[in-house]
Enquirer: 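A single structure is presented below for examination.
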Amino acid sequence: MKNKTEKILIAGPCSAESAEQMLQSAAMLSLISSHGILRAGCWKPRTSPGGFSGYGEEALRWLKDAADAYALPWITEAGTAAHAEKILRAGGTQLWIGARTTGDPFAVSEIAIAMEGTGAGVWIKNPPQPDVKLWAGAAERFLRRAVPVHGFIHRGYKTWPQTEWRNAPHWNVQEELRTIFPGARIISDPSHMTGQSGRVAAAGLTALQLGADGLMVEMHPHPENAMTDRGQQLSPGELLELKCAMEKTGKAGEIGKLRTQIDELDEMLWAILGERMRMAEKIGAQKHSVGMEVLQEKRRAEVKSSFRKNGHRCGLTPAESGALFEWLHAVSVRKQNDVTRIPEKSHA
Ligand code: PEP
Ligand code: MN
């Protein structure tokens, strides 16, 4: 693994869409950063079939030619060994492994074999699930084939319930990865974390404060026309602003780091609370449709006892878990009454 140097910036559109779009992206990036790496997806891993899945080898040519024209290093994603071979044949010296591929040990091994002995290196995105061993395991598969791992890309995790994040950071996983690979470079991808261009800069700067060594950011010369991930592409002007802010951003102290992590946990609590409220409404509607009273004493006692037990597990006193239960239950009864439109008093 390479030594840490200045903050890394990998930027460019989600997908390579045309020769012109790539030339404009390269021109912008070369103005914004003296050491930027031009990114673009040539093969897009789509969640559902039928969507735009990239222009493949043609896109690879647009990316390479645009980067060469501005003397920029370039990078794209390989999802299969065949992609990796095409990238290498085009003269690529590095590629990234996308989130879905990192979670697939067979695909990772095949790409590692395709890269063995070529000197080309990889950047590895975190897998879709917050499993640090799977992330580290992908790196080990490359290292066993002596393929240089240039670094890791933290792009966050799909959660249920969905929070404000498209892919929630789970900052603790990045911390854990640092304990497995202490010297490794870890950069952050706030574009895929947030899914919203207006939130990319703040999330990227937070990642830097938490110790990220740089950023991978989606930037499109005309974000409103992007063929993929339209809502999260920065305009060149926005990327320039972010680049300036990056240079001024230092590391947070320990308390700041811990607070960022607890804020993320609070967001998850709120998301779960929202789901619980919606479930209470469904139960209220169901009770109403079968003519059942909202308040069911036996059920109330069961849930209360389960709160006591779980509260104990979490280090809460019986009084604290009791208070939490009473509050939640009262809200739930109110929600159920709202659904049935029966005044709360008649069931209190
Ligand atoms: C991308 O970088 O465009 C991409 C598809 O990323 P991820 O693998 O993180 O979804
Ligand atoms: Mn994308």
Side-chain angles (χ1 to χ4, degrees), residues 1-6 8-12 16 22 26 35-45 53-128 131-155 177-178 180-187 189 213-214 216:
M1 304 214 183
K2 286 195 176 168
N3 288 333
K4 292 183 186 187
T5 48
E6 51 199 321
I8 296 150
L9 180 63
I10 303 179
M22 286 314 305
H35 59 274
I37 301 172
L38 184 66
R39 69 146 277 161
C42 302
W43 298 275
K44 300 307 297 176
S53 55
Y55 286 119
E57 275 181 278
E58 202 181 3
L60 191 58
R61 261 196 316 279
W62 298 330
L63 168 61
K64 179 193 155 39
D65 290 349
D68 288 352
Y70 289 88
L72 292 169
W74 59 273
I75 187 166
T76 191
E77 171 177 350
T80 65
H83 296 163
E85 279 156 11
K86 286 173 182 158
I87 294 166
L88 295 169
R89 228 178 291 131
T93 57
Q94 56 186 332
L95 54 84
W96 86 76
I97 303 299
R100 296 157 189 80
T101 310
T102 305
D104 177 353
F106 292 123
V108 169
S109 293
E110 283 167 13
I111 296 171
I113 291 169
M115 294 179 74
E116 187 171 13
T118 65
V122 284
W123 288 86
I124 305 173
K125 287 206 174 194
N126 67 253
D131 177 351
V132 74
K133 289 203 179 120
L134 195 56
W135 198 3
E140 281 153 17
R141 285 176 205 278
F142 284 105
L143 292 172
R144 282 187 179 200
R145 297 264 167 198
V147 175
V149 175
H150 292 334
F152 295 88
I153 306 170
H154 179 212
R155 52 78 84 191
L177 187 70
R178 284 192 193 284
I180 302 177
F181 294 108
R185 295 195 296 195
I186 305 179
I187 66 170
D189 171 351
D213 300 297
M216 174 188 261

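As a basis for the values below, the full set of heavy atoms in this structure was taken, side chains included, without hydrogen atoms, waters or symmetry mates. All residue numbers refer to positions in the sequence shown, counting from 1.
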Enquirer: Kindly indicate whether the side chain of E77, heavy atoms from C-beta on, has any atom under 4.5 Å from the side chain of T101.
Expert: yes
Enquirer: Can you give me the closest heavy-atom contact between K125 and A99, atom names plus distance?
Expert: CB-N, 3.8 Å
Enquirer: Taking side chain as C-beta onward, heavy atoms only, is Q94 less than 4.5 Å from P73?
Expert: yes
Enquirer: So I186 and F181, do their side chains get closer than 4.5 Å, heavy atoms only?
Expert: no
Enquirer: Answer whether the closest heavy-atom distance between the side chains of I75 and W123 falls below 4.5 Å.
Expert: yes
Enquirer: Does the side chain to side chain contact (heavy atoms under 4.5 Å, CB included) test come out yes or no for V132 and I180, once each step is laid out?
Expert: CA-CA 9 Å; V132 74; I180 302 177; 4.1 Å; yes
Enquirer: Looking at R39 and M216, would you say the former's side chain and the latter's main chain have a donor-acceptor pair under 3.5 Å?
Expert: no
Enquirer: List the atom of L72, the atom of G36, and the distance in Å for their closest heavy-atom pair.
Expert: CD2-O, 3.7 Å
Enquirer: If I take atom CD1 from residue I8 and atom CD1 from residue I153, how far apart are they, to the nearest 0.5 angstrom?
Expert: 9.5 Å
Enquirer: Please report the closest heavy-atom contact between A112 and R141, naming both atoms and the distance.
Expert: CB-O, 3.8 Å
Enquirer: What I'd like to find out is whether the side chain of E58 reaches to under 4.5 Å of the side chain of R61, using heavy atoms alone.
Expert: yes
Enquirer: Can you see which heavy atom on G119 is nearest to which on P148, and at what distance?
Expert: O-CG, 4.0 Å
Enquirer: Looking at W135 versus F152, is the centre-to-centre ring distance below 6.0 Å?
Expert: yes
Enquirer: Check whether any side-chain heavy atom of I124 lies under 4.5 Å from a side-chain heavy atom of F142, and answer yes or no.
Expert: yes
Enquirer: Answer yes when D104 and R100 have at least one side-chain N-carboxylate O distance shorter than 4.0 Å, and no when they do not.
Expert: no
Enquirer: Considering only residues two or more places apart or on different chains, which pairs with a residue in residues 68-122 satisfy ring pair (Phe, Tyr, Trp, His ring centres under 6.0 Å)?
Expert: W43-H83
Enquirer: Which residue pairs satisfy the salt bridge (charged side-chain N to carboxylate O under 4.0 Å, His left out) criterion with at least one member in residues 105-123, sequence neighbours excluded?
Expert: E116-R145
Enquirer: Measuring from atom CD1 of I113 to atom CD1 of I111, what distance do you get when rounded to the nearest 0.5 angstrom?
Expert: 10.5 Å
Enquirer: Only counting residues at least two apart or in another chain, list the ones meeting side-chain hydrogen bond (donor to acceptor under 3.5 Å, both in side chains) with S53.
Expert: none
Enquirer: Does the side chain of I87 reach to within under 4.5 Å of the side chain of L60, using non-hydrogen atoms?
Expert: yes
Enquirer: Taking all non-hydrogen atoms of both residues into account, name the closest pair between V147 and A120 and its distance.
Expert: CG1-O, 3.5 Å
Enquirer: In Å and rounded to the nearest 0.5 Å, what is the CD1 to NE2 distance from I10 to H35?
Expert: 10.5 Å
Enquirer: Would a distance-only check, ignoring hydrogens and angles, find a side-chain to backbone donor-acceptor pair under 3.5 Å from N126 to H154?
Expert: no
Enquirer: For a quick test of reading the model, state the closest non-hydrogen atom pair linking L88 to M115 and the distance between them.
Expert: CD1-CA, 4.2 Å
Enquirer: To the nearest 0.5 Å, what is the distance between CD (E140) and NZ (K133)?
Expert: 10.5 Å
